[in-house]
Protein chains: 2
Amino acid sequence: MTEYTDEVSFLAHYNRREFDAPLLTVDPVLFTYHEAQLKVLLVERSAYPERGLWGLPGGFVDMASDQNLEATAQRKLREKTSVTPPYLEQLYSFGSNTRDKRGWSVTVAYTALMAYQECAAHIETVSDAKWQPLDHLNNLPLAFDHRQIIEFARERLRQKALYSIVPAYALPEKFTLPELQHLHEVLLGKALQKKSFRRRIEDAELLIDTGEKRSDGNGRPAVLYRMKEGSGGYTFVRNLAE
Amino acid sequence: MTEYTDEVSFLAHYNRREFDAPLLTVDPVLFTYHEAQLKVLLVERSAYPERGLWGLPGGFVDMASDQNLEATAQRKLREKTSVTPPYLEQLYSFGSNTRDKRGWSVTVAYTALMAYQECAAHIETVSDAKWQPLDHLNNLPLAFDHRQIIEFARERLRQKALYSIVPAYALPEKFTLPELQHLHEVLLGKALQKKSFRRRIEDAELLIDTGEKRSDGNGRPAVLYRMKEGSGGYTFVRNLAE
DNA sequence: CAAATAGTGTCTGTTAGACACTATATG
DNA sequence: CATATAGTGTCTAACAGACACTATTTG
């Protein structure tokens with residue numbers, strides 16, 4: 001091993017490829033809410049490894065164009081949906097010598113949320129990706145450890161439903177409180193008290209009344225709200241009951 | 001680009017080193033509580049890059065011996081402290097083309113907690129590592145983005161002090177409630193109501209009364225407790241006030 | 001009008017904040 | 001005894017749960 005006397009000469013002679021290293025990918029788990037269901041964006045893999053199986057819309061860091069990990073996640077999502085989701089947060093990094101047949105590998109997983117309508121058209125026409133209902137993933141053959149990653153992401157989102165309105169990013173820009181409550185109920189797997197749900201959101205002033213209303217043809221129309229700036233970062237001091 | 005007809009032949013010809021990839025390291029942020037202060041374990045770097053600066057006790061994945069990312073974190077900590085800390089949790093992954101002069105790099109950071117006494121002897125004699133008080137980090141020259149990583153870890157631990165007793169892992173196996181409360185107060189940067197702090201811990205039955213007491217010479221001796229199995233995973237439904 | 005859905009009033013229960021109080025140690 | 005620290009009693013405030021009630025739409 002050569003010794004260097006200063007950092008400049010060390011860096012001049014540094015060879016990044018001297019040592020073998022784990023493979024590194026970035027895998028976004030993009031959720032949406034449509035037809036009273038949670039759905040996740042998956043891609044049918046057209047190349048080896050795991051060809052023919054369904055996987056997350058991730059990939060390798062492009063060291064020439066990506067400035068950081070989040071940029072990689074955003075780029076991969078844009079490639080499949082043509083848009084940038086309004087919510088993107090790092091979830092967890094999964095790394096082991098067993099999760100990928102090619103050897104030691106690490107993936108930095110992200111959770112993303114967006115409205116179904118926002119990209120449905122692009123996905124249906126151009127893309128090889130598809131929205132898959134979370135409740136039917138059991139029947140889909142999934143690549144690598146992506147089933148676990150999706151489950152991990154869903155569990156984290158379930159937690160957030162207890163103390164935030166982050167799930168609202170899976171809805172269109174304008175949405176009703178009954179819609180948001182139902183989304184939370186799907187995430188939590190249980191009914192919520194209408195009054196409790198509305199009261200805490202109103203008291204914290206997280207939403208803006210657009211003045212519009214929407215009826216689905218049955219019953220009284222519901223007020224359409226949109227999120228106030230920063231509401232995604234708000235956390236209630238007290239959780240809903242699990 | 002060669003096309004393959006089955007996965008076995010694809011894997012047989014797969015060359016992991018065909019593409020350049022980001023550097024990947026694992027960096028544990030090991031905190032402890034000693035002399036009424038939070039301290040973090042740092043190493044004075046003896047080789048380039050960032051030689052002479054203080055850095056986290058991390059390093060590259062050893063693909064031959066490490067089964068997964070947590071194993072790497074554990075191994076690096078064992079190398080410096082000779083023991084495995086009772087608390088180790090993945091924190092966040094930091095990755096960009098600017099954080100390391102050698103180029104695009106990613107580090108998977110972990111938060112670890114352990115008692116000061118547990119490894120003080122080993123550190124003082126054998127190791128190149130040192131406990132540094134968090135309040136004096138401003139004066140230390142830190143390597144890479146490790147200052148930000150430590151700040152990120154501290155902020156996450158501060159959050160946990162609001163809804164869990166995870167910080168207790170920074171104390172010896174047996175500790176008193178006034179000790180634990182003071183640790184939380186240091187993390188939160190504010191005084192807590194003695195009654196509130198004790199009541200929630202007692203109601204949730206998180207600690208075991210060892211039957212022993214300890215006096216520091218002044219005043220009434222305090223009961224020594226130890227954590228009940230699983231108490232680290234417990235979260236209170238309501239946060240302490242920030 | 002009935003049916004369906006949106007939204008409110010209000011009581012109760014749980015839990016943290018405030019703070020005065022008691023308990024147990026040392027000198 | 002005084003002083004110091006540990007630990008408790010108890011009232012209040014905040015906020016979620018429960019659930020009956022009213023409001024607004026369609027047919």
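Below, chain A is the first sequence line, B the second, and so on; all start at residue 1. Model, not experiment: these values are computed from the prediction.
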Are A:E179 and A:K174 within salt-bridge range, i.e. N to O under 4.0 Å? no

First of A:K213 and A:K194 reached from the 5' end of DNA chain D, by closest nucleotide: A:K194

B:I201 has an atom CD1; how far is it from atom C1' of D:dG7, in whole Å? 13 Å

Return the nearest nucleotide to the side chain of A:P221; candidates are D:dT25, D:dA14, C:dA6. D:dT25

Calculate the interatomic distance between B:K190 atom NZ and C:dA16 atom P; express it in whole Å. 13 Å

What is the distance, to the nearest angstrom, from the NE2 atom on A:H182 to the C1' atom on C:dT5? 13 Å

Nucleotide nearest B:A241 when distance is taken to its side chain, options C:dG17, D:dA16, D:dA6: C:dG17

I'd like to know if A:R75 and A:E70 make a salt bridge, using a cut-off of under 4.0 Å between side-chain N and carboxylate O. no

Once hydrogens and angles are ignored, does a donor-acceptor distance under 3.5 Å link the base of D:dC15 to the side chain of A:R200? no

Would you mind reading off the distance between B:D209 atom CG and D:dG7 atom C1', rounded to a whole angstrom? 13 Å

Whole-Å gap separating C1' (D:dA6) and CD (B:Q181): 11 Å

Identify which nucleotide among D:dC15, C:dC19, C:dA16 has an atom closest to any side-chain atom of B:Q193, counting heavy atoms from C-beta outward. C:dC19

Are B:T25 and B:T107 linked by a side-chain donor-acceptor pair shorter than 3.5 Å? yes

Given D:dG17, C:dG13, C:dA6, which nucleotide is nearest the side-chain atoms of A:P178? C:dA6

Tell me the interatomic distance from B:F197, atom CZ, to C:dA18, atom P, rounded to whole angstroms. 16 Å

Specify the separation, in whole Å, of atom CG of A:D203 and atom C1' of D:dA14. 10 Å

Side chain of A:R199, base of D:dG17: donor and acceptor closer than 3.5 Å? yes

Using only side-chain N and O atoms of A:S215, determine if any of them is under 4.0 Å from OP1 or OP2 of D:dT25. no

Output the single nucleotide from C:dG7, D:dA16, D:dT5 whose closest atom is nearest the side chain of B:N218. D:dT5

Check this for me: does the side-chain of A:K195 come within 3.5 Å of the base of C:dG9 through a donor and an acceptor? yes

Whole-Å distance between D:dT5 C1' and B:L177 CG? 14 Å

Here's a test of your reading of the structure: between B:G219 and A:R220, which maps to the more 5' nucleotide of DNA chain D? B:G219

Relative to B:F31, does B:K39 satisfy both conditions: NZ or CZ under 6.0 angstrom from the six-membered ring centre, and within 45 degrees of the ring's axis? no

Please determine whether side-chain contact (heavy atoms from CB on, under 4.5 Å) holds for the pair B:L183 and B:F175, giving the CA-CA distance in whole Å, both sets of side-chain angles, and the decisive distance to 0.1 Å. CA-CA 11 Å; B:L183 166 52; B:F175 56 88; over 6 Å; no

Options C:dA16, D:dG7, D:dC15, nucleotide nearest the side-chain atoms of B:A222: D:dG7

